[in-house]
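Scroll down for the structure; my scribbles are underneath it.
Order of listing sets the numbers, starting from 1, for every ligand and every atom in it. This is a predicted model, so every value here is computed, not measured.
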Amino acid sequence: MSFQNTLEFAQALDLADPLRKYREEFYFPRVGGKEVIYFTGNSLGLQPKRTQRFVDEVMTDWKELAVEGHFHADKPWWDYHERLAAPLAKVVGAKTAEVTVMNTLTVNLHLLMVSFYRPTKKRFKILCEEKAFPSDQYMFQSQVKFHGLDPEITIVEVKKRKGEHHWRTEDVIEKINEIGEELALVLIGGVNYYNGQVFDIERITEAGKSVGAYVGWDLAHAVGNIELKLHDWGADFAAWCSYKYMNSGPGNASGVYIHEKYLDRKDIPRFEGWWGTKKETRFLMKPEFEPMPNADAWQISNAPVLSLAPYLASLELFEEVGMPPLIAKRNQIVAYLEFVLHEIDKEVESTFEIITPKDRGCQLSVFLHGEGRSLFDFLMSNGVITDWREPNVIRLAPAPFYCSFEDMYRFGQLLKKGILEKV
Ligand SMILES: *Cc1c(COP(=O)(O)O)cnc(C)c1O
């Protein structure tokens, strides 16, 4: 389709958008009385209007039933988490038994490393992308030190090539083969938080496994954004947060996937607690641990029901829409945003550089050569919520659930104004 950078054209795209009614399902913050143009669904997704009802339900049950709510609430708390597994499994392309919700993301990655990072004298190295999300870097270092190893030697980073802004799959695979028998674990962010690149999860997983390593994925920026087929791709494990594209609220609970071949086993090293034991006998308080036959075996504490409620509300929306329509709209809205950026670039003779490669999801990271932070401040004070990363990159993520094509057009006009006025 050939695009036009006009309000009429953008509005026509909105009219033809099968997901347009979902914008009404979300609350938008306001600046100067007007709804903002929201580009940070990759950081904290907007609040679905139905979330309040899910949370109120738990609050009311607690008020009226107190401890009895564990078994007698409308949605009993003791197995509340089980309601999330099936819809979430669809979002990540897994079997229901392979998915659970617990804790928060970095905590879960640590717990999964307990199971899947068991260095030996010969096989001990970890492969990740250079400049991984800081929390992941701290996690790798602390895990490696915990095992008494030297992070310098143990953690191997795949670099981008000089002058390039993205990683090449062949470079990742070459590194995997180079480390070979010393490689214990591959753990990469499935979608990079900085440049928005989508890694080839399938091929990298296959390469890692072919040298005998475990392969896991941090899917913080991938879940609810790109198509995932974790089970078919044979990933060993993955974890993600729920507050980015999954719209479940700040710091909320994390999802976990563990391949079915590791389920229902007692011999897997794992940090255990009572919520991982068979629910049929859990309250007999027996001394021996009988693992749940699914990913719930990794649960430790009883589930944080007040956190799960917003996640369940959000999953109801994902269930209703399904990933394919979201991905179809994502492709179109990101392509339109890219077009608008190029048009504005021509009009103002600025030099933007989109550093996101073609393997992308919802996010475009734009390098603003010669533009300062004041441009970002101008955008923010004019109702464009985006973020700024040093040295001068703005990340634009038009989440398909609630962003409109008109938003993209209006953003372009504001960007142009900001640059021309040299704010
Ligand atoms: C957002 C994000 C996190 C956040 O971790 P928390 O434990 O939820 O604070 C971790 N890793 C990546 C790649 C992220 O993008």
**Report entry** Six-ring centre of W274, R282 cation under 6.0 angstrom, axis tolerance 45°
**Finding:**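 So R282 doesn't make the cation-pi contact.
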Report task. Kindly indicate whether a cation-pi arrangement holds for K49 with Y27, taking the cut-offs as under 6.0 Å to the six-membered ring centre and within 45° of the axis. Result ->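 Yes, K49 sits over the ring of Y27.
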Report task. Please identify each residue that fulfils salt bridge (charged side-chain N to carboxylate O under 4.0 Å, His left out) with K261, with sequence neighbours left out. Result ->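 Salt bridge (charged side-chain N to carboxylate O under 4.0 Å, His left out) check on K261 returns D236.
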Query raised in the report: Which one holds for D218 and ligand 1: side chain close, backbone close, both close, or neither close, with close meaning a heavy atom under 4.0 Å?
Result: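 Side chain only; the backbone of D218 stays clear of ligand 1.
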Query raised in the report: Taking non-hydrogen atoms only, is V107 closer than 4.0 angstrom to ligand 1 via side chain, backbone, both or neither?
Result: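 Answer for V107: neither.
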Nearest-neighbour protein heavy atom for [atom], which is reported as residue plus atom name and distance:
| atom | value |
| --- | --- |
| atom 3 (C) of ligand 1 | F133 CE2, 3.3 Å |
| atom 14 (C) of ligand 1 | K244 NZ, 2.9 Å |
| atom 8 (O) of ligand 1 | Y243 OH, 2.5 Å |

Query - Residue selection (non-hydrogen contact nearest atom 10 (C) of ligand 1) among N252, L105, N192, V191 - result: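 Among N252, L105, N192, V191, the closest heavy atom to atom 10 (C) of ligand 1 comes from L105.
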Report task. Consider every N or O of D136 and every N or O of ligand 1, then say whether any pair is closer than 3.5 Å. Result ->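 Right, the criterion is met.
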Query - Nitrogen or oxygen of T106 less than 3.5 angstrom from that of ligand 1 - result: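 Yes, T106 has an N/O under 3.5 Å of an N/O on ligand 1.
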Requested in this report: Could you tell me whether W78 and H70 have their ring centroids closer than 6.0 angstrom?
Outcome: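 For W78 and H70, the ring centres are not under 6.0 Å apart.
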Query - Aromatic contact, Y336 with Y409 (centres under 6.0 Å) - result: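 Centroid separation for Y336 and Y409: 6.0 Å or greater.
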Query raised in the report: Between D407 and S404, is any side-chain donor less than 3.5 angstrom from a side-chain acceptor?
Result: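 A donor-acceptor contact under 3.5 Å links the two side chains.
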Query - Test ring pair (Phe, Tyr, Trp, His ring centres under 6.0 Å) applied to Y117 - qualifying residues, sequence neighbours left out - result: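 Here the qualifying residues are H147.
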Query - Atoms of ligand 1, numbered as shown, that sit under 4.0 Å from any heavy atom of H221 - result: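 Near H221, the atoms of ligand 1 are 15 (O).
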